[in-house]
Amino acid sequence: MTGVATLNEVLALLALLLVAAVGTVAVLTRDPSRQAVVLAVLGLGLALLFTVLQAPDVALSQLGVGTAVTPLLIMLTVRRIRSKEHQARQGERDERGGPDGTGANGRGGGS
Amino acid sequence: MNLLGPLPYLVAGWLLLVGVYGLVTSRNLIHAVGCLAVAQSSTYVLLLTVGFRRGGTAPVYSDTSPRSVVVDPVVQALALTDVVVGATVTALLLALVIQLHNRHSTIDPDRLNALRG
Amino acid sequence: MTAAQLLPLAVAVPLLGAVTLALAGRLLPRLGCDILATAWASADVVLLAGLWHCSSRGTQVNWVGAWKPTGGEGVGIVLVGDRIGIGLALLITVLILAALLYAWRFFEEPPAGHRGTFPALILLFEAGMCGFALTGDLFNAFVFFELMGAVAYALTGYHVEDPRPLQGALTFGVINSLAAYCSLMGIALLYARTGELGMAQIGRHLAGHSADALIVVAFVLVLTGLLVKGAMAPFHFWLPDAHAVAPTPVCMLLSGVMVELGVYGAARVYWTLFSGPGGIPAHAMRDVLTSTGVVTALLGAVMCWQQRHIKRMLAFSTISHVGLFLVGISLLSPQGVTGTALYVAGHAGVKAALFALTGVLLDQHGSVDEHSLYGRARELRRSAGIMFVLGALALAGLPPFGTGLGKALTEHAAGEFLGWLPAVFVLTSAITGATVLRTAARVFTGAGGRPDATAGAQTRGDHEEPEVRDPGRPVPAPMLVVPALLLAGSLVLGLLPGPVTALTRAGQLFTSRAAYLAAVGLAPTNQPAMPVVTPVAPPVVWTGEGIALGLLSTILAAALAATALWGPALQGAAAHRLRGLAAAVTQRLVAPLRSLHSGRLGDNAVWLATGVAVLLVAFSTLVQP
Amino acid sequence: MSRTARIRLFWGAAAVIAALYTMACLRLPHFGTAVHPYGDRAVAATLRQRTANTISSINFDQRAFDTLGEESILFGAVLGATALLRRTSHDHNTRPRPVRVLPSTRLFGALLLPVALLTGIYIVAHGQLSPGGGFQGGVVLATALHLAYVAADYRALQRIRPRELLDQADAVAAGAFTVLGLAGLVAGVAYLQNVLPLGTFNTLSSGGLVPVINAAVGIEVASGVIVVLAYFLDQTLFATGPAGGAFRKKAER
C-alpha cells in the first residue's frame with residue numbers, strides 16, 4: 001500500500017466527520033420537529049458516505065428511508081400530538097383533565 | 001498505513017453511544033425514537049466501512065468488466081436489510097407513541113410512572 | 001423428499017398462514033378466522049412433530065436455495081435442526097396453538113377488515129421464533145430476532161381500546177431494538193475479523209487468532225441482544241412492564257418461549273462460535289454467566305414476592321426462572337443443557353397456564369390485583385382455583401411435574417460444579433411458588449387477613465378493564481381447557497421417560513462443537529469427518545435426591561405462603577419480633593430495589609449501557625490473550 | 001433513580017464501552033483491506049448466476065432467506081401499525097378542510113408525479129442490473145404517490161390511493177415471496193432454489209428467480225409504505241378524538 005491517500009479516502013473522511021457531527025446534533029436537538037429535519041440531513045450525509053464507500057444500492061435506500069420516510073413519519077406524529085394537545089386545552093372547559101396530562105393543569109372545576 | 005486508521009469504525013461507535021445518550025436523557029418519546037434511529041445508523045456505518053476495499057468499485061457489473069475489483073457486496077446486502085428493519089421498527093414505535101399519547105396525554109418518559117416497583 | 005428439505009417450512013408455513021389470514025380476515029366471519037388460524041397452527045404442530053421424530057436419526061441440515069458449500073466455503077444460509085433446536089421449535093408451535101385456542105372469542109369484536117390481524121401477527125411471531133431456533137447463520141439469526149421483536153412490540157400494544165398503561169410496550173420496543181443493534185455491531189465486528197457469517201464458519205476462523213479485545217467486545221455485543229431478550233439482570237427492566245401491558249395470550253408466549261429463546265441463543269452462539277480455540281475460555285463464560293444467573297434468579301424471586309399485580313408477579317417469576325436457566329446453561333455440561341431444556345419446556349406449560357388463568361380472573365372480575373380480588377373468585381374455586389394451586393406447586397418444583405424434573409436434573413448438574421448452587425434453585429423456586437400460592441389462596445378462598453388494599457406506591461392491578469366486555473357471561477370453555485391441557489402437558493413431561501431420553505442425547509449433541517461442525521460439512525481439520533461418537537450416558541430420570549429437593553422447595557413454598565397469609569395475625573413476642581425484622585429488611589433492602597424498577601425509558605437505557613460495561617469488564621479481565 | 005444519577009451512571013458506562021471498543025477497533029483489519037473472502041465468493045457466485053448487480057443476487061438468491069425474513073418484518077410492521085392506529089370506537093372523525101394550493105405547485109406536482117412513478121418502476125425493474133431494486137424502487141414509488149398530496153390535497157391522494165387494494169397487494173406480495181420459495185420444493189429441489197432459466201447476462205430477464213422476487217418485493221414495499229403513511233396521515237388529518245385527559249378520566253371511572 002502506498003502512503004498516498006486516494007481522493008476517495010479524503011472524501012470518506014469528510015463524509016464520516018459530517019455524519020458524526022450531524023448525528024450528534026440530531027441527538028442534541030430536543031424538539032422533535034426540528035430533530036426530524038436534522039435526521040433528514042443525517043440521511044443525506046449517510047447517503048453521501050455510502051456513495052463514497054461504493055455502495056450505491058444502500059445509498060439509494062438510505063435516501064428514500066432516511067431522508068424521506070422516517071422524517072415524514074416523525075413530522076406526522078408530532079403534528080398529530082400537537083393537534084391533540086391543542087384540543088385537550090380547549091376541552092378542559094367542559095371536563096377536567098387527567099392528573100398527569102401535559103395540557104391539564106387543573107384549570108377547570110369538576111365534571 | 002492509510003489516512004483514516006481506525007477512525008471509520010470509531011465513528012460507528014460514536015454514533016451508537018450518542019444515540020444511547022439521547023435515549024438516557026430524552027424528555028420526549030418522539031425524540032427518543034429519533035435517537036434510536038441515530039443509534040441504528042451506527043450499524044450501517046460499521047458494516048459498510050468494514051466491507052470497503054481500497055480501489056474497489058461498486059459491485060455492479062452492468063457497465064464494468066467482470067474482472068474489475070469491487071468492494072465487499074455482502075455487507076451492502078446486510079446493510080440494505082438493516083435499513084428496511086430500521087424503517088419498519090421506527091414506524092411501529094411511532095404508532096405506539098401516538099397510542100400512548102391517546103391514553104396518557106403525555107409523551108415525556110419521565111412523567112409516565114404507572115408501572116413501577 | 002427428506003426431512004432436511006422440509007426444514008424451511010417451519011418458517012414458510014406460518015408466514016403463508018399469516019398472509020392467508022390477513023387476506024381472509026376481510027371475507028370470513030370471526031368464527032371462520034378463528035377456525036382457520038387454529039387449523040394452521042395445528043398443521044405447524046404436526047410439521048414440527050414430524051421433524052422432531054426425524055431428528056432422532058441425526059441433525060437435519062438444510063442449505064436454503066441449495067447453496068451448499070463446496071470445500072467448506074459457501075455463500076448461502078444454513079438451517080440446522082438438531083434436537084434442541086427442533087425441540088424448541090416444537091415447543092413454540094405447541095404454545096402458539098394454545099395461545100390461539102385460548103384467544104377464541106377473546107377480544108371484543110375487531111373492526112371489519114381487521115379480523116385476521118391478531119392471528120396473523122401471532123403466526124408471524126411463530127415464524128420469527130422458529131426461524132431463530134433453527135438458523136445456523138448469525139445474520140439470519142438477527143433477521144429472525146428482529147422479526148419476532150417487531151411483531152412482539154405490536155402484539156404487546158395490540159389492545160388499543162384498553163386504557164392500561166402503554167409505556168411498557170414502547171420501552172420493550174426501544175430497548176430490545178437498541179440491544180439488537182448492539183448485536184448487529186458485534187456481528188459486523190466478527191465479520192471484519194473472519195469474513196464469514198455462518199456460525200460454524202466464524203467459529204472455525206476464530207481459531208486462527210488469539211482471544212483479544214476484539215473477540216471480547218464482539219462477544220459481549222452479540223450477547224447483549226440475546227440476553228436483553230433473555231431478561232438477564234440488569235437487562236430485565238423491560239420485561240415486567242411489557243407483561244403488565246400485553247394481552248393475556250401474548251403474555252403466554254412472551255413468558256413461555258420468547259424470553260427463553262434469548263438464553264437459547266446465548267448458548268448456541270457460545271458453543272458454535274466461541275467455545276473453540278481463539279474464542280472465550282470456558283471458565284470465563286462459566287464464572288460470568290453463573291454469577292449473573294444467580295443474581296437474576298434471586299432478584300426476580302424477591303421482586304416477585306413484592307408484587308400484587310398478578311401479571312407483573314408472574315413476569316418477575318419468569319425472570320427468576322430465566323436466571324436458573326442461565327445457571328443451567330453456564331455449567332457448560334451436557335447434563336446442564338438437558339436439565340435446562342426440560343426445565344424450559346415444563347416451565348413454558350406451567351407459566352402459560354398461570355397467565356391463562358389470570359386472564360380468566362381479568363375476564364370475570366376486571367382486575368388482576370391480588371389485594372382487590374381478595375376472596376372475590378370463590379365461585380371459580382373448583383376450576384381455575386385448583387389449577388392455579390397446581391401451577392404454583394409446579395412452579396415450586398413439585399414432583400412429578402416437568403418443572404420438577406428439569407429443576408432436579410439442572411440442580412444436580414449445578415451441584416457438581418458448586419456445592420451451594422442447588423440451594424439457590426430450591427430457595428428461588430420456593431419463593432416464586434409461594435408467591436403464586438399466596439395469591440391463589442387469597443383470591444380463590446379469601447384465606448388469611450384482608451390485605452390492606454391501599455398499601456404501597458406501586459403498580460396495582462385493579463382498575464383494569466376486562467379484555468372482553470361482557471362481565472356477566474360464563475367463562476368461555478377454551479379459557480379453562482387450555483390451561484388444563486398445558487398443566488397436563490407439563491405433568492406428562494415429568495412422568496414419561498421419552499422426553500428425558502431424547503433430551504439426554506440432545507444435550508450431548510448440543511454441547512459437542514465437533515458434531516455441529518461435522519453436521520454443516522465443516523469437519524475440523526485433523527479429525528475424522530464423522531463426529532466422535534460419545535458413549536450415550538443412560539438417561540437419569542427421577543433420583544432420590546431430586547425428589548427430596550423438589551419436595552423440600554414445595555414444602556418451603558407452602559410454609560412461606562402460610563406465613564404471608566396468617567403471619568400478620570400471629571400473637572406473641574417472637575412473632576412480633578420477626579414481623580419487625582421483616583419490616584426492617586423490606587425497608588432497608590427491598591424498597592431501594594423496588595424503586596430501581598421505575599419503568600422509565602431513560603433508566604432502562606442506562607441499565608443497558610451499564611450491563612454492557614459490566615460484561616465487558618468481567619470478560620476482559622477473565623480472558624487473557 | 002434521579003436524573004443526575006442516571007446521567008452519571010451513563011458517563012461511567014460509556015467511558016468503559018468507549019475504551020474497550022477503541023481497543024477492539026485497533027485489532028480490526030485496516031480500513032480498505034483487500035481481504036474479503038465471503039465477498040469474493042459472492043461475486044463469483046453472482047457471475048455464475050448471470051446477475052449483474054451482486055447486491056440483488058445476494059439479497060434475492062444467495063441469501064434470499066434473509067430477505068424473506070426482512071419482508072416478513074415489513075409485512076408484520078404494516079399489520080401491526082395498522083392495528084395500532086385503527087380507529088377505535090372512542091375516536092370521532094372529522095373531515096379535513098380542503099387546502100388551497102397554488103396553481104404553480106399543482107402544475108409542478110402534476111408534472112413530477114408521472115416522472116417519479118416511472119423512475120420508481122424503472123428502479124424496481126432494473127434491480128438485477130443496476131443499483132436499485134425492489135426495495136429502493138418501492139420507496140420511490142410510495143413517496144412519488146404522495147406528491148399528489150403536495151400538489152393537490154388529501155382527497156386527491158385518497159382517490160388515487162385505493163387503500164384496501166394496496167393493503168391486499170402488500171399481503172399478496174409477501175405471500176408471493178413465500179410461495180416462490182415453495183416452487184423449489186415442488187420441483188423437487190431445495191426451498192428458495194433458483195429454478196428458473198438464468199437467461200443472458202445483463203438483460204432484464206437475467207438472473208432466473210431474481211427479477212421475479214425483486215418485483216414481488218417492489219410491490220410489497222411500495223404498497224406497505226403507502227399503507228403505513230396512509231394510517232399516519234389519517235391520524236394527523238382526521239382522527240380528532242376526545243382529548244387524552246378526558247379519555248383517561250372516562251376510562252378510570
Side-chain angles (χ1 to χ4, degrees), chain B residues 9 12-13 16-17 19-27 29 32-33 35-36 39-51 72 74-75 77-79 81-82 84-86 88-93 95-104 106-107 109-117, chain C residues 75 139 142-143 146-147 149-151 153-154 156-157 160 162-171 173-175 177-178 180-182 184-185 187-189 191-192 195 197 240-241 244-245 303 306-307 309 312 456-460 591 594-595 597-606 608-609:
Chain B
Y9 314 135
L16 184 67
L17 279 181
V20 178
Y21 174 77
L23 284 174
V24 168
T25 56
S26 184
R27 287 184 181 279
L29 287 172
V33 175
C35 292
L36 190 67
Q40 199 197 4
S41 61
S42 68
T43 58
Y44 317 147
V45 173
L46 185 63
L47 279 171
L48 291 181
T49 50
V50 151
D72 190 336
V74 177
V75 288
L78 305 188
T81 305
D82 191 20
V84 185
V85 170
T88 54
V89 168
T90 306
L92 260 182
L93 292 179
L96 277 172
V97 172
I98 290 181
Q99 278 307 328
L100 193 98
H101 186 261
N102 281 353
R103 288 190 202 175
H104 305 283
T106 180
I107 48 168
D110 287 353
R111 293 174 71 173
L112 291 164
N113 49 10
L115 294 169
R116 60 175 184 226
Chain C
V75 291
F139 186 77
F142 166 78
V143 171
E146 278 291 68
L147 174 58
V151 177
Y153 317 148
T156 305
V160 293
D162 183 334
R164 276 183 295 174
L166 190 65
Q167 75 261 36
L170 197 80
T171 313
V174 171
I175 294 302
S177 301
L178 186 62
Y181 303 150
C182 287
L184 188 53
M185 291 288 274
I187 294 171
L189 290 178
Y191 183 81
L197 288 172
D241 294 357
V245 182
M303 287 300 294
Q306 301 295 319
Q307 300 302 314
H309 185 295
R312 248 177 111 76
Q458 60 208 2
T459 305
R460 302 163 54 150
R594 294 190 67 174
S595 69
H597 294 77
S598 62
R600 289 187 187 142
L601 180 62
D603 288 354
N604 266 283
V606 88
L608 177 68

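Labels below follow one simple rule: chain letters A, B, ... track the order of the sequence lines, proteins then strands, and each chain is numbered from 1.
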*Measure the CG-CD1 distance between C:Leu601 and B:Ile107 for me, rounded to the nearest 0.5 Å.*
12.0 Å
*Could you tell me whether the side chain of C:Phe142 reaches within less than 4.5 Å of the side chain of B:Thr81, counting heavy atoms only?*
no
*asked:* Can you tell me how far apart CG (B:Leu23) and CG (C:Asn604) are? Round to the nearest 0.5 Å.
replied: 10.0 Å
*For the candidates B:Leu17, B:Thr88, B:Val74, which exhibits the highest count of non-hydrogen atom pairs separated by less than 4.5 Å from chain C?*
B:Val74
*So, do C:Met185 and B:Ser42 sit near enough that their side-chain heavy atoms are less than 4.5 Å apart?*
yes
*Could you check which of B:Leu47, B:Leu93, B:Leu16 has the highest count of heavy-atom pairs closer than 4.5 Å to chain C?*
B:Leu93
*Decide yes or no for C:Tyr191 and B:Asp72: does some side-chain heavy atom of the first lie under 4.5 Å from some side-chain heavy atom of the second?*
yes
*Are C:Ile187 and B:Leu78 side-chain neighbours, meaning at least one heavy-atom pair lies under 4.5 Å?*
no
*asked:* If I measure from the heavy atoms of chain B, does C:Val75 come under 4.5 Å with its side chain, its backbone, both, or neither?
replied: neither
*Taking side chain as C-beta onward, heavy atoms only, is C:Leu170 less than 4.5 Å from B:Leu29?*
yes
*Please state whether the side chain, the backbone, both or neither of B:Ala12 comes within less than 4.5 Å of a heavy atom of chain C.*
both
*Measure distances from B:Val89 to the heavy atoms of chain C and classify the residue's part below 4.5 Å as side chain, backbone, both or neither.*
side chain
*Name the region of C:Leu197, side chain, backbone, both or neither, that has any atom closer than 4.5 Å to a heavy atom of chain B.*
side chain
*Measuring heavy-atom distances to chain C, does B:Ser26 have an atom under 4.5 Å in its side chain, in its backbone, in both, or in neither?*
neither
*Counting heavy-atom pairs under 4.5 Å to chain C, which of B:Val24, B:Leu92, B:Val50 comes out on top?*
B:Val24
_chain C contact via B:Leu96 - which portion, at a heavy-atom distance below 4.5 Å_ = both
_Non-hydrogen side-chain atoms of B:Leu46 and C:Leu189 separated by less than 4.5 Å_ = yes
_Atom group of B:Leu36 that falls short of 4.5 Å from chain C, counting heavy atoms_ = both
*Specify the closest pair of heavy atoms between B:Val20 and C:Ala605, including all atoms of both residues, with the distance to one decimal.*
CG1-O, 4.4 Å
